[in-house]
Student: 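This is the structure, below, for whatever I ask next.
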Amino acid sequence: GRELPSRRSIAALLGVLAGAVGYVQADSEFALRGVQAYFWVSLNLAGIVFEMTYGKRLISNIHFSSPIWGSVLYTNALALLPMFCMVASTGEPSRVGSIQFSFVALSWLI
């Protein structure tokens, strides 16, 4: 099998767990609604895990001439069609004309 995590890795994971438990204990929405307060967050997390796992499986059998950028460009290219469909279905193209550009906003893009 696989090698067990090192002590340092276990300490880091326990630190993350302690932070998550501390956050939930301090969250007022969790105090009011219980576990239901995290339904959409959990659903989003499950979607991300599925997407990343399935995406890795899809591109694991493809040979890229550039191992790093090849997979990134391929993944982004696969995302273009669904992204444009989402943009069109939400009416975003009609809002493009009302965008106000400022120096600060453009500097964040660069």
Side-chain angles (χ1 to χ4, degrees):
R2 298 181 102 181
E3 186 177 322
L4 291 174
S6 66
R7 288 185 181 141
R8 185 176 177 185
S9 296
I10 291 173
L13 289 171
L14 289 174
V16 169
L17 178 66
V21 169
Y23 176 83
V24 169
Q25 293 299 321
D27 187 15
S28 61
E29 190 70 21
F30 182 75
L32 291 174
R33 296 180 50 210
V35 178
Q36 289 179 335
Y38 291 102
F39 173 75
W40 290 112
V41 173
S42 300
L43 193 63
N44 186 23
L45 180 62
I48 290 171
V49 167
F50 172 77
E51 171 198 5
M52 299 299 272
T53 305
Y54 186 63
K56 186 170 184 172
R57 186 169 192 273
L58 276 177
I59 65 170
S60 65
N61 297 327
I62 299 171
H63 177 71
F64 297 105
S65 58
S66 173
I68 296 174
W69 283 108
S71 62
V72 171
L73 293 174
Y74 182 73
T75 304
N76 288 345
L78 287 176
L80 282 175
L81 181 62
M83 182 188 68
F84 284 129
C85 290
M86 182 180 282
V87 166
S89 69
T90 58
E92 289 293 323
S94 64
R95 299 179 190 167
V96 172
S98 64
I99 295 175
Q100 296 178 2
F101 294 102
S102 69
F103 176 75
V104 174
L106 290 175
S107 66
W108 279 103
L109 291 175
I110 298 171

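All residue numbers in this chain count up from 1 along the given sequence.
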Student: Mind jotting down which residue pairs meet the side-chain hydrogen bond (donor to acceptor under 3.5 Å, both in side chains) criterion with at least one end in residues 101-110? Sequence neighbours excluded, please.
Tutor: none
Student: Are Val16 and Leu14 co-members of a hydrophobic cluster defined by side-chain heavy atoms under 4.5 Å apart?
Tutor: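 No, separate clusters.
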Student: Within this structure, what is the CD1-CZ distance for the pair Ile10 and Arg8, rounded to the nearest 0.5 Å?
Tutor: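 Nearest 0.5 Å value for the CD1-CZ distance: 13.5 Å.
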Student: Quick one: CZ on Arg33 to OH on Tyr38, what's the gap to the nearest 0.5 Å?
Tutor: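 It comes to 10.5 Å.
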Student: I'd like to check the side chain to side chain contact (heavy atoms under 4.5 Å, CB included) partners of Tyr74; sequence neighbours left out, ordered by chain and number.
Tutor: Ile59, Ile62, Phe64, Leu78
Student: Flag yes if Val35 and Tyr23 sit in one hydrophobic cluster, no otherwise; membership is Ile, Leu, Val, Met, Phe, Trp, Tyr, and two members link when side-chain heavy atoms are under 4.5 Å apart.
Tutor: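 Yes; Tyr23 is reachable from Val35 via cluster members.
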Student: Which value, rounded to the nearest 0.5 Å, describes the distance between Leu43 atom CG and Ile48 atom CD1?
Tutor: 10.5 Å
Student: Would you check if Leu106 and Leu109 make a side-chain contact, meaning some heavy-atom pair closer than 4.5 Å?
Tutor: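 They are in side-chain contact.
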Student: Which heavy atom in Ser94 sits nearest to a heavy atom in Gly91, and how many Å separate them?
Tutor: OG-O, 2.8 Å
Student: Please check: side-chain N/O of Thr53 versus main-chain N/O of Phe50, any donor-acceptor pairing under 3.5 Å?
Tutor: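 A pair under 3.5 Å: no.
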